[in-house]
Amino acid sequence: MKRYEPKQRYSVSKSQLDILLYLLKYRFLTSDLLADILDRDRSTIYERLSVLVSQGYIAKQYDKTFRLRGRSATYCLAPAGIRYLKHHGHERTQLHYKNRYFTDEQIDTQLLYIKIWLILRKHYADKFYGYTKYQLNPNSYIKPTPHLKLEGITDAIPDYFVELFPAFTLSWRIKKRINQHIEAADESEYRYPHLLLIAGNSSTERRIIKMTADTYAGFDIFTTILDRLMGGEKEIWLRPEDVYLDEYKTTQRVLLPIEIEK
């Protein structure tokens, strides 16, 4: 009779668990992004990732075409890591069994929202908690669930939803998404988060401003351009209601409000 040999079980250290939890939160990460999140040097992070890959807790997505395309290796939870987190009481782990079906474009979108959050976290240190769609209860939000929510650390700080509209996004798609938020705000019993609408270029931002300048909703709208956000400046936001399109280029941009208006 063949003797049963149990699979080797590895203990998970605190630093390794942190990585698994960040992959649960963000779904996909690169070593550079994880180094920024954890404030550690890249070589240390790469070593920790390599160990988790060898133990089967995470999967590395990389092939020879990545270098030619200027792509970084990406990491996500593997089945062993998913099972580990599930057995230790973490929710929504089942979503991550479909990681292997994500396209490069979908992964890039995930990574871009992470970069946006890290920049906003830097600009408004200790003001917000950041939650991804994988941490939010989908039954409590519009569909599809917003990729990113900023939640004030106190009741005096407003919450924000972040929506990204790449260049050339069709206007009807933008309008439909904004209307979803307006309808949800009308039905909500609580203060609805403000909207941060990030446009892929200035033309798209102008279209957003034009369609929202006269919008009446239970929240405020702020717009900016992705390149401005990535550039590191803080005063990058416009309120559509305060913008005359003829003076769009010269309109003074502002910081985000971090106190609820009374």
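For reference, positions follow the sequence shown, starting with 1.
Under a hydrophobic-cluster definition in which Ile, Leu, Val, Met, Phe, Trp and Tyr are linked whenever side-chain heavy atoms come within less than 4.5 Å, directly or via other members, Leu21 and Val51 are assigned to different clusters. Grouping the Ile, Leu, Val, Met, Phe, Trp and Tyr side chains by contacts below 4.5 angstrom, directly or via other members, places Leu148 with Ile236. Cluster annotation: Leu33 is connected to Leu226 through the hydrophobic network of ILVMFWY side chains, with a link wherever side-chain heavy atoms come within less than 4.5 Å. Ile221 is not connected to Tyr248 by any chain of hydrophobic side-chain contacts under 4.5 Å among Ile, Leu, Val, Met, Phe, Trp and Tyr, and they are in different clusters. Linking Ile, Leu, Val, Met, Phe, Trp and Tyr residues whenever their side-chain heavy atoms come within less than 4.5 Å leaves Leu255 and Ile225 in two separate clusters.
Heavy-atom contacts from other residues, nucleotides or ligands closer than 6.0 Å to CD of Glu105 number 12 or fewer. The 12-atom threshold is not exceeded at NZ of Lys115, counting heavy atoms of other residues, nucleotides or ligands nearer than 6.0 Å. Within a 6.0 Å radius of NZ in Lys25, other residues, nucleotides and ligands contribute more than 12 heavy atoms. For Asp214, the CG atom sits in a loose shell: 12 or fewer heavy atoms of surrounding residues, nucleotides or ligands are nearer than 6.0 Å. Enclosure of atom CG in Asn137 by more than 12 non-hydrogen atoms of other residues, nucleotides or ligands within 6.0 angstrom is indicated.
When atom types are taken as modelled, the side chain of Arg48 and the backbone of Tyr46 share no donor-acceptor pair closer than 3.5 angstrom. Listed for the Asp39 side chain is no donor-acceptor partner under 3.5 Å among the backbone atoms of Asp36. Without hydrogens or angle criteria, Arg27 side chain to Leu24 main chain gives no donor-acceptor distance under 3.5 Å. Without hydrogens or angle criteria, Thr215 side chain to Thr212 main chain gives a donor-acceptor distance under 3.5 Å. When atom types are taken as modelled, the side chain of Ser140 and the backbone of Leu136 share no donor-acceptor pair closer than 3.5 angstrom.
A cation-pi arrangement, defined by a distance under 6.0 Å to the six-membered ring centre and an angle within 45 degrees of its axis, is absent between Arg92 and Tyr134. A cation-pi contact, defined as under 6.0 Å to the ring centre and within 45° of the axis, links Lys60 to Tyr62.
Looking at heavy atoms from C-beta onward, Pro240 lies in side-chain contact with Thr223 at the 4.5 angstrom threshold. Annotation: side chain of Pro193 is not in contact with side chain of Phe219 (no heavy-atom distance under 4.5 Å). Counting heavy atoms from C-beta outward, Tyr97 and Arg83 have side chains that approach closer than 4.5 Å. The side-chain heavy atoms of Thr132 and Gln110, taken from C-beta on, include no pair separated by under 4.5 Å. Two residues are said to be in side-chain contact when any heavy atoms from C-beta on lie closer than 4.5 Å; Ile182 and Tyr216 fail this criterion. Put simply, the side chain of Ile258 reaches to within 4.5 Å of the side chain of Phe128, judged on heavy atoms. The shortest distance between side-chain heavy atoms of Leu245 and Arg206 falls below 4.5 Å.
Evaluation of the side chain to side chain contact (heavy atoms under 4.5 Å, CB included) rule for Arg239 yields Asp220, Phe222, Glu241, Asp242, Pro257, Glu261 as partners, not counting sequence neighbours. For Ile119, the side chain to side chain contact (heavy atoms under 4.5 Å, CB included) test picks out His123, Leu229, Met230, with sequence neighbours left out. Partners of Val254 under the side chain to side chain contact (heavy atoms under 4.5 Å, CB included) rule, at least two apart in sequence or in another chain, are Trp237.
Asp41 and Ser43 form a side-chain donor-acceptor contact under 3.5 Å, judged by distance and modelled atom types alone. Donor-acceptor pairing under 3.5 Å is lacking for the side chains of Tyr101 and Gln106. Residues Tyr84 and Gln16 have side chains that never bring a donor and an acceptor to within less than 3.5 angstrom of each other. Defined by atom type and a distance below 3.5 Å, a donor-acceptor pair is present between the side-chain atoms of Asn201 and Thr204.
In terms of heavy-atom proximity, Ser72 sits nearest to Thr30 at CB-CG2, 4.1 Å. The two residues Tyr113 and Val162 have their closest heavy-atom pair at CE2-O, 3.8 Å. For Asn99 against Cys76, the heavy-atom pair with the smallest separation is ND2-CB, 3.5 Å. Here the shortest heavy-atom pairing between Gly56 and Ala78 reads O-CB, 3.3 Å. The two residues Glu247 and Thr251 make their nearest non-hydrogen contact at O-OG1, 2.7 Å. Contact between Gln180 and Ile142 at its shortest, heavy atoms only, is O-CG2, 3.7 Å.
The salt bridge (charged side-chain N to carboxylate O under 4.0 Å, His left out) analysis of residues 120-135, with sequence neighbours excluded, yields no pairs. Note on residues 157-176: pairs passing side-chain hydrogen bond (donor to acceptor under 3.5 Å, both in side chains), not counting sequence neighbours, are Glu163-Arg177, Glu163-His181, Ser171-Arg207. Residue pairs meeting the salt bridge (charged side-chain N to carboxylate O under 4.0 Å, His left out) criterion with at least one member in residues 134-157, sequence neighbours excluded, are Lys149-Glu151.
Residue Thr224 holds its OG1 atom at 9.5 Å from CG of Leu196, rounded to the nearest 0.5 Å. How far CD1 of Ile45 is from CZ of Arg42: 10.5 Å, rounded to the nearest 0.5 Å. The CD1 atom of Ile19 lies 6.0 Å from the OG atom of Ser15; values are rounded to the nearest 0.5 Å. The CD atom of Glu233 lies 7.0 Å from the CZ atom of Arg228; values are rounded to the nearest 0.5 Å. In this structure, the separation between CG on Leu111 and CG on Asp104 is 10.0 Å, given to the nearest 0.5 Å. Within the model, atoms OG of Ser54 and CG of Leu52 stand 7.5 Å from one another, a figure rounded to the nearest 0.5 Å.
You'll find the ring centres of Phe102 and Phe28 inside the 6.0 Å limit.
Under the 30°/60° scheme for interplanar angles, the aromatic rings of Tyr26 and Tyr22 are found to lie parallel. Ring planes of Phe161 and Tyr141: perpendicular class, angle over 60° (limits at 30 and 60°).
A salt bridge between Arg71 and Asp108 is present, with a side-chain N of the basic residue lying under 4.0 Å from a carboxylate O of the acidic one.
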Exercise. Evaluate the criterion side chain to side chain contact (heavy atoms under 4.5 Å, CB included) for residue pair Leu150 and Tyr124; output intermediate values, then yes/no.
Key: CA-CA 11 Å; Leu150 309 186; Tyr124 303 95; over 6 Å; no
Practice problem: Report the C-alpha distance between Thr74 and Leu29 in whole Å, list the side-chain angles of each, state the deciding distance to 0.1 Å, and finish with yes or no for side chain to side chain contact (heavy atoms under 4.5 Å, CB included). | Solution: CA-CA 6 Å; Thr74 56; Leu29 284 170; over 6 Å; no
Practice problem: Please lay out, stage by stage, how Ile174 and Met211 fare under the test side chain to side chain contact (heavy atoms under 4.5 Å, CB included). | Solution: CA-CA 9 Å; Ile174 299 174; Met211 70 177 65; 3.6 Å; yes
